[in-house]
Amino acid sequence: MQFDEEYFKSDEFQELLYSYETSVESGNPVFLDASDLVDIADYYNYKGEDEKAVSLVVHGLALYPNDALLNVFMARRALMDDDYDTARQHADAIGDKDSPDYHYLVAEILVAENRIDEADQYLHELYLTLPPEELADFVKDVANLYVDYNVSDKAYEWMMRSQDDDSDDFKELMARALYGLGRYKDSQRLFNELIDHNPYSKQYWNALASAQFMDEDYGGSITSSEYALAIDPKDGEGMIAKANGLLKLNNYEQAMEYYQRYISVIGDDPFVRLHIGICLVNLGKNKEALDQLQEALKVSQLDESLTAQILQELAFCYAALQQTDDALAALDKTAGLDCDHNDIQVIRGHILLSGDRLEEAEATFKKAIRDSAGDPVIVLRVIVSLYDNHYLKASYFMFRKFFRYVADEDFNSGYAYMALCCFDLGRVDEFLHYLQEAVTRNPNEARLVLGMLFPEDMQPEQYYDYMLNKYLQL
C-alpha cells in the first residue's frame, strides 16, 4: 500500500489531524466525515500505529455503516489476514454498489484469492461501460491494484491501453510493473526520470536502489540509498537498502552498522537480526552470531519462509563451531515450513561433509539430486559443497560431467567455480578455458567467485586477458 506523504505533511491535513486528536484527548464527540476519518486512519497506518487506525475506522463505521471508504479500509485489513469472508461482508455492506470503490474492492478480493482471470474479466466488463474521459484514470487504478498484488504482467497489460500518458503517476506505476517483470534496467530508467522531476523523493530513491540491487548493481544501489538517507536520516527503507548493498559487497562491518542503526531507530525486526547474524558469521564471530540468530528466531514464527532462513543460518553457525548435531537439529526444524526442501538437503549434506560424516553426506546429496529430478541448480550446489570442503579432485570430475549434462541447456552458472577449481589444481589451460566461459556466460558470478584473483577495480570482461598476459610472462 502506498501513502500520500506530501498530503500528510500539508497544513490542511495537519489541521485535520489536530482537530481529531484534540477531540479524542478531551473526550468530546468527533464530527468528521468518513473520508477524513479514512485519511487519518491511513496516516496512522503510515506511522505504524495500526491499532489506532483500526479503532478509528471501527468508530467511523458505527456512524457511517454503509460508507464505501470505511468498509474498503476494513476489507483490506481482512485481506491481509486472508480472511476473504470478512472482506466480502464489508463489500456487501457498501451502500452504493455503483461506486468505483465498490467495484475495485470486488476485483481486489478476487485478485487476493488468486482468481486473476475472474478479476480481469470483471474489470474488463466494467471498462467497456465507462465514458472515454474516465478510461485513463480507470486504467491506472486497475494497474495499481495489480502492482500491489505483484501481478505485474496484468498491470503492464492494462497500462499498455493508455496512450500518451506522461504523468509521474503513470511512470511510477510502469516502473513498478517493469520491476515486477524483472526488467530492472527499464525500471531504473523511469525512476531516474521521476527523480529528475522530484529529486527530494526518498520513495523514488529507494525504489531506484531496489531496482539497482536486483540488477546486481550494488554500488549504485548503495549510492541511491544514501540519497534517500540524506533526505531522511531516519528512513528505515534506506537503511536496509544500504546495508543489503554493503552485505553483497562483503563489507560486513559497515553493513552490520546500518542493520543495527535500523533496530535502534525503527525497532526490532527478525529480518534485520538474521542479517546481522550473517555479517557476524562472515566475520568469524560465530558465538555472537548465534545470539543474534536465536533472537531472530524468537520473533519470526509468523513468517515461515523467514524462520526457515534463520534456521539455515543457525545450522551454518553451529557447523562453523563444529557442533554438527546442533546444526542438523536446526535443519530438522525446517520440516513442514515454507522453504525449498531440496535446498535444505544440500545444506544438510554440506554440514555432514564438513563434519567428516562422509557416507551420510553422500546419501543426503544423492537424495537431494533424486528428489529434485536432477535439477541443475541442486547438482551445482552439491559440487560447490565438495569444493568448499576441499574435495578438489572429486569436484573437478563432477564438474566435467555436469557441463556435459547441461551443455545443450540455457544454463550459465558454475563456470566460475570450475575455473577456480582448475586454478587450485594447477590446470592452467583448463583454468583459462573456464575463465573465458565464465566471463562470457555469467560475468556477475565471475566477479563474485573469482574477483579475489584480480585487481579490485577490474571488470570481469578484463579477467581473461589479464590472466593470459600474466601466464605468458611466467
Side-chain angles (χ1 to χ4, degrees), residues 212-223 242-259 275-286 289 313 316-317 319-320 346-347 350 353-354 377 380-400 402-403 412-474:
Q212 289 168 319
F213 183 89
M214 295 303 294
D215 199 36
E216 300 183 345
D217 177 10
Y218 304 123
S221 179
I222 290 169
T223 299
K242 183 166 184 178
N244 288 345
L246 290 164
L247 178 61
K248 283 292 186 180
L249 294 178
N250 301 329
N251 191 337
Y252 304 116
E253 291 279 6
Q254 199 173 0
M256 191 160 59
E257 176 189 329
Y258 277 89
Y259 287 128
H275 284 77
I276 292 174
I278 292 171
C279 290
L280 288 166
V281 167
N282 281 283
L283 290 168
K285 299 178 179 180
N286 295 298
E313 290 301 325
F316 284 126
C317 198
V346 175
I347 296 171
H350 178 86
L353 200 58
S354 68
V377 174
L380 176 59
R381 291 206 59 196
V382 169
I383 303 171
V384 171
S385 176
L386 288 171
Y387 173 84
D388 286 343
N389 282 286
H390 311 295
Y391 291 90
L392 299 186
K393 289 185 178 179
S395 61
Y396 168 79
F397 286 112
M398 283 193 72
F399 268 128
R400 292 281 299 270
F402 176 74
F403 289 125
N412 293 317
S413 298
Y415 291 91
Y417 290 100
M418 178 55 156
L420 187 59
C421 187
C422 292
F423 177 84
D424 289 342
L425 290 170
R427 295 175 174 268
V428 175
D429 290 343
E430 288 177 278
F431 165 62
L432 289 172
H433 167 74
Y434 284 106
L435 173 61
Q436 190 170 39
E437 290 286 314
V439 299
T440 301
R441 291 171 174 266
N442 196 334
N444 288 320
E445 183 187 77
R447 181 190 291 110
L448 176 69
V449 177
L450 300 168
M452 75 286 193
L453 301 178
F454 300 92
E456 187 174 342
D457 58 349
M458 182 173 285
Q459 296 301 309
E461 292 77 11
Q462 301 171 288
Y463 286 0
Y464 178 78
D465 289 339
Y466 173 87
M467 195 59 73
L468 181 61
N469 289 332
K470 191 173 181 179
Y471 279 118
L472 288 174
Q473 292 171 11
L474 294 177

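Atom set for the values below is all heavy atoms of this structure, side chains included, hydrogens, waters and symmetry mates excluded.
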Distance from [X] atom [atom1] to [Y] atom [atom2], nearest 0.5 Å?
| X | Y | atom1 | atom2 | result |
| --- | --- | --- | --- | --- |
| K285 | I276 | NZ | CD1 | 12.5 Å |
| C422 | R427 | SG | CZ | 7.0 Å |
| E253 | Y258 | CD | OH | 14.0 Å |
| M418 | H433 | CE | NE2 | 8.5 Å |
| I383 | S395 | CD1 | OG | 8.0 Å |
| K242 | N251 | NZ | CG | 9.5 Å |

For [X] and [Y], work out which heavy atoms get closest and say how close.
| X | Y | answer |
| --- | --- | --- |
| L249 | G219 | CD1-N, 4.3 Å |
| L392 | L425 | CB-CD2, 3.8 Å |
| A416 | A446 | CB-CA, 3.9 Å |
| L246 | A255 | CB-CB, 3.7 Å |
| P460 | V439 | O-CG1, 3.2 Å |
| G245 | I222 | C-CD1, 3.6 Å |

Report the relative orientation of the aromatic rings in F454 and Y463; use parallel for angles under 30°, tilted for 30 to 60°, perpendicular for over 60°.
parallel

Look at the aromatic rings of F403 and F399 and report parallel, tilted or perpendicular, splitting at 30° and 60°.
parallel

Quick one, [X] and [Y] - any side-chain contact, counting heavy atoms below 4.5 Å?
| X | Y | value |
| --- | --- | --- |
| Y259 | N244 | yes |
| M467 | Q462 | no |
| L386 | L353 | yes |
| L435 | E430 | no |
| M256 | L247 | no |
| Y466 | P455 | yes |

Any side-chain donor-acceptor pair under 3.5 Å between H350 and N389?
yes

Pairing donors with acceptors under 3.5 angstrom, does anything connect the side chains of N250 and Y252?
yes

Does any N or O in the side chain of [X] come within less than 3.5 Å of the main-chain N or O of [Y], such that one atom is a donor and the other an acceptor?
| X | Y | value |
| --- | --- | --- |
| N442 | A438 | no |
| Q212 | D217 | no |
| E445 | G414 | yes |
| T440 | Q436 | yes |

Are the ring centres of Y387 and Y417 closer than 6.0 Å?
no

For the pair M458 and L453, evaluate side chain to side chain contact (heavy atoms under 4.5 Å, CB included) and give the outcome as yes or no after the intermediate values.
CA-CA 10 Å; M458 182 173 285; L453 301 178; over 6 Å; no

Under a 4.0 Å N-O cut-off, is there an ion pair linking E461 with R447?
no

Residue pair S413, V377: steps toward the side chain to side chain contact (heavy atoms under 4.5 Å, CB included) verdict:
CA-CA 8 Å; S413 298; V377 174; over 6 Å; no

